[in-house]
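To start, the structure under review is shown below, and the notes come after it.
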Amino acid sequence: MDHLVMTSDPRRLLPSDAPVRLISPEGEPVPHETYRLPSGEALLAAYAAMTTARRVNDQASALVRQGRLAVYPSSHGQEACQVAAAQVLTDDDWLFPTYRDVAAMVARGLDPVEALVLLQGDWHCGHNPYERKVAPQTTPLATQLPHAVGVAHAARLKGEPTVVMALCGDGATSEGDFHEALNFAAVFQTPVVFFVQNNRYAISVPLARQTAAPSLAHKGVGYGIPGEQVDGNDLAALLAVLGTAVERARGGAGPQLVEAHTYRVQAHTNADDPTRYRDEAEVGAWVARDPLRRLGTFLENRALLTAEQAAALDKDADDVAAAMRAGLSKDAEPDPARLFAHVYQTPTPQLAEQAALVADEISRMVDG
Amino acid sequence: MNQPETLTMAQALTRALRDAMAEDESVVMFGEDVGPLGGVFRITDGLTAEFGDARCFDTPLAEAGIVGVAVGMAMNGMRPVVEMQFDAFAYPAFEQVVSHVAKMRNRTRGQVALPIVIRIPYAGGIGGVEHHSDSSEAYFAHTPGLHVVTPSTVADAYGLLRQAITSADPVIFFEPKKLYWSKEQAALGAGVPPIGTAAIRRDGTDATLIAYGPTVPLALEAADVAAQEGRSLQVVDLRSLVPFDDQTVCDAVRSTGRAVVVAEASGFASVSSEIVARVTDRCFHYLAAPIRRVTGFDIPYPPPKLERFHLPDVDRVLDAVDDLQWEDS
Ligand SMILES: Cc1ncc(C[n+]2csc(CCOP(=O)(O)OP(=O)(O)O)c2C)c(N)n1
Ligand SMILES: [Mg+2]
């Protein structure tokens with residue numbers, strides 16, 4: 001019997017001992033033996049996207065308070081992860097986001113208004129997944145991961161160079177679908193990057209209740225997948241680590257697992273009360289490691305970002321926020337007839353009957 | 001339409017997969033033991049040899065993963081056909097089926113279609129040990145977004161599976177295990193009635209037996225016996241549980257005025273109870289008696305030595321027919 005995977009050196013699958021970091025929380029470069037700092041140009045583009053991502057998050061949270069969105073699981077504080085996940089992909093690659101990854105979808109080029117349709121409380125995902133190769137956001141935890149494997153497997157069978165970026169949270173790594181997806185991907189060597197944003201909490205439950213593993217990145221060893229861990233508030237390190245993972249996958253090295261150490265600075269959603277399960281000091285320590293400020297400081301210190309440029313980026317972000325307010329403030333009355341239109345390609349006779357019933361009710365409401 | 005030939009339902013299913021794969025490169029078949037072994041029921045026999053391991057392949061033992069991967073492959077232009085090894089072993093995939101397979105078209109406003117076929121060998125009568133004989137159709141039929149079909153004849157096994165594979169919507173394809181080895185003369189072709197249509201398998205004037213999958217041969221047998229006793233029973237084979245063919249079923253019941261539904265699954269909150277409700281709603285004034293049901297009991301599927309007490313049989317069907325208030329008392 002040949003057990004190729006097991007007889008090969010498992011150490012090649014191990015993540016770095018400490019999360020990869022290329023810029024310190026104070027904004028200073030940190031040398032690394034494996035990963036290189038991205039170019040100034042790449043970092044500036046990433047900073048621009050992160051500025052927008054932050055504004056998208058905060059505008060969306062404000063829209064919840066104004067009753068314009070049903071719910072918003074903000075990635076405030078995780079924007080470096082959101083931007084890197086999108087920016088390391090080519091147009092032909094796919095992104096599989098969760099409910100918390102609206103900012104990543106926007107960084108991939110989606111209109112924030114479309115990306116927020118589900119969280120507005122609508123019945124559909126708002127965007128055409130094929131246009132930007134962004135799957136509909138998935139809420140049942142980890143269930144999108146096997147889909148990502150399937151897209152990648154089909155691409156490989158068709159001889160296409162697609163890589164799939166599959167996102168999930170730390171809590172979702174406890175779900176069976178996380179295991180099944182990684183195992184499938186490893187067995188078939190499908191080009192998927194599993195990117196776990198470890199923000200320390202699954203609603204109220206801390207990481208210690210999800211796993212006893214040394215890190216989530218170490219879980220890759222059990223599947224035969226190389227794991228890596230990275231400072232999730234360091235956009236430079238994220239671009240380097242995720243970029244390497246994507247190119248390895250594209251080059252035929254199979255799936256990769258990347259864990260970003262970050263923090264959910266705000267509540268799980270507006271409906272959550274984090275004071276019941278964590279204290280302010282913990283939050284404050286992470287706010288001090290803010291990813292936006294870190295990269296901004298680095299760029300300013302190197303004269304890669306001038307005050308005028310920073311102001312222009314803020315203005316762009318203002319425009320995005322204004323467009324979100326305008327787009328999400330329309331009181332479009334949803335059409336109940338649409339509820340029957342897409343259940344099947346052709347509605348069953350029973351659905352056609354039910355749709356007619358609702359149409360009749362509506363016509364009588366109008367008449368009366 | 002090909003020449004008539006004599007073959008088993010299992011062989012007809014294999015032929016359907018083979019012909020579909022030969023016709024359309026995007027059709028891929030995968031699951032547990034479906035590769036060189038040909039599946040525990042040999043339905044995928046020879047497919048890996050003919051089409052290669054990329055087109056018909058074994059996967060890790062992970063039913064949610066199998067269906068979840070099928071979702072992704074379908075999103076990316078493939079037509080996956082997956083095999084669940086047995087009825088009860090499809091349950092780990094239930095979340096993927098309900099939350100994604102069934103909903104993807106709707107939640108993308110028709111932009112992402114999932115042409116997936118999930119084949120499930122189901123129901124009892126083969127002396128299976130526990131977890132090998134469930135009739136799980138109600139769980140799936142209850143879920144909007146899925147088509148649910150089940151053949152009872154060799155010709156339908158071939159034709160319905162071909163249609164399922166070309167369908168733009170996901171299809172749960174229930175294969176009655178105990179009919180796998182039933183032999184029939186049939187001319188295989190896709191030209192059977194489309195998914196969503198029921199078939200009259202036997203004409204009759206006194207009462208209508210409504211059956212599907214494994215209970216169709218039973219209903220026909222009961223109708224034979226009833227004929228010897230001077231009672232003319234009509235037999236309807238649903239073929240498709242979703243979409244449900246109200247028209248054919250109701251026309252049939254109206255023509256006789258009496259009906260018995262025969263199904264293996266437990267009766268409570270079941271496809272059989274749905275049929276009674278629908279037909280009663282639509283045909284009340286044509287009915288000479290309340291519709292009766294002969295179903296499995298509301299118990300976990302019993303062990304081999306006891307399954308004959310659980311499964312509908314000819315006597316129970318005929319007793320139910322006798323109960324259809326033939327005389328006012
Ligand atoms: C299968 C499933 N179980 C429970 C939930 C409810 N739920 C939504 S988010 C969440 C926490 C997930 O935590 P994590 O994976 O760490 O992601 P995060 O929200 O922190 O980004 C839970 C329990 C769900 N969406 N899906
Ligand atoms: Mg979390």
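So you know, we letter chains A, B, ... as the sequences are listed, proteins then strands, and number each from 1.
- For A/H218, the NE2 atom counts as densely surrounded, since its 6.0 Å shell holds more than 12 non-hydrogen atoms of other residues, nucleotides or ligands.
- In this structure, chain B has a heavy atom under 4.5 Å from the backbone of A/L339, while its side chain stays farther away.
- Under the 4.5 Å side-chain criterion, counting only non-hydrogen atoms from C-beta, B/Q96 is in contact with A/D177.
- Taking every heavy atom of both residues into account, B/H100 and A/P140 meet most closely at NE2-CG, 4.3 Å.
- Between B/N106 and A/V343, the shortest heavy-atom distance links the atoms OD1-N, 3.8 Å.
- Heavy-atom contacts from other residues, nucleotides or ligands closer than 6.0 Å to CD of B/E25 number 12 or fewer.
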Item to check | Steps toward side chain to side chain contact (heavy atoms under 4.5 Å, CB included) verdict (A/Q350, B/V242) | outcome: CA-CA 10 Å; A/Q350 290 74 24; B/V242 184; over 6 Å; no

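- Residues of residues 52-64 of chain B having a heavy atom under 4.5 Å from any heavy atom of chain A, listed by number: B/A54, B/F57, B/D58, B/T59, B/P60, B/A62, B/E63, B/A64.
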Checklist entry - Does the pair A/H153 and B/M78 meet the rule for a side chain to side chain contact (heavy atoms under 4.5 Å, CB included), with working shown? => result CA-CA 10 Å; A/H153 189 53; B/M78 301 283 208; over 6 Å; no

Item to check | Residue pair B/F244, A/T348: steps toward the side chain to side chain contact (heavy atoms under 4.5 Å, CB included) verdict | outcome: CA-CA 8 Å; B/F244 188 83; A/T348 60; over 6 Å; no

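- The nearest pair of heavy atoms linking A/K158 to B/N76 is NZ-O, 2.6 Å.
- Considering every non-hydrogen atom in both B/G65 and A/P146, the closest pair reads O-CB, 4.3 Å.
- More than 12 heavy-atom neighbours from other residues, nucleotides or ligands sit within 6.0 angstrom of CZ on B/F89.
- For chain B, the nearby part of A/V187 is the side chain; its heavy atoms alone come within less than 4.5 Å.
- Counting all heavy atoms, side chain and backbone alike, A/G126 lies closest to B/R109 at O-NH2, 2.9 Å.
- Counting heavy-atom pairs under 4.5 Å between each of A/V149, A/T143, A/T346 and chain B puts A/T143 at the top.
- Here the CG-CD distance, from A/L141 to B/E95, works out to 8.5 Å after rounding to the nearest 0.5 Å.
- A salt bridge links A/E353 to B/R282: one of the charged nitrogens lies within less than 4.0 Å of a carboxylate oxygen.
- Formation of a donor-acceptor pair under 3.5 Å by the A/Y130 side chain with backbone atoms of B/M75 is found in this model.
- For B/T143 against A/Y344, the heavy-atom pair with the smallest separation is O-OH, 4.4 Å.
- Counting non-hydrogen atoms of other residues, nucleotides and ligands closer than 6.0 Å to OH of B/Y139 gives a total of 12 or fewer.
- Looking at A/A148, there are no atoms closer than 4.5 Å to chain B (heavy atoms on both sides), in backbone or side chain.
- Heavy atoms from other residues, nucleotides or ligands lying under 6.0 Å from CD of B/E50 number more than 12.
- Within the 4.5 Å cutoff, side-chain heavy atoms of A/L118 are placed close to those of B/R107.
- The CZ atom of A/F188 lies 8.5 Å from the CZ atom of B/F30; values are rounded to the nearest 0.5 Å.
- For A/H127, the part lying under 4.5 angstrom from a heavy atom of chain B is the backbone only.
- Considering only heavy atoms from C-beta on, B/Q111 stays 4.5 Å or farther from A/C125 through its side chain.
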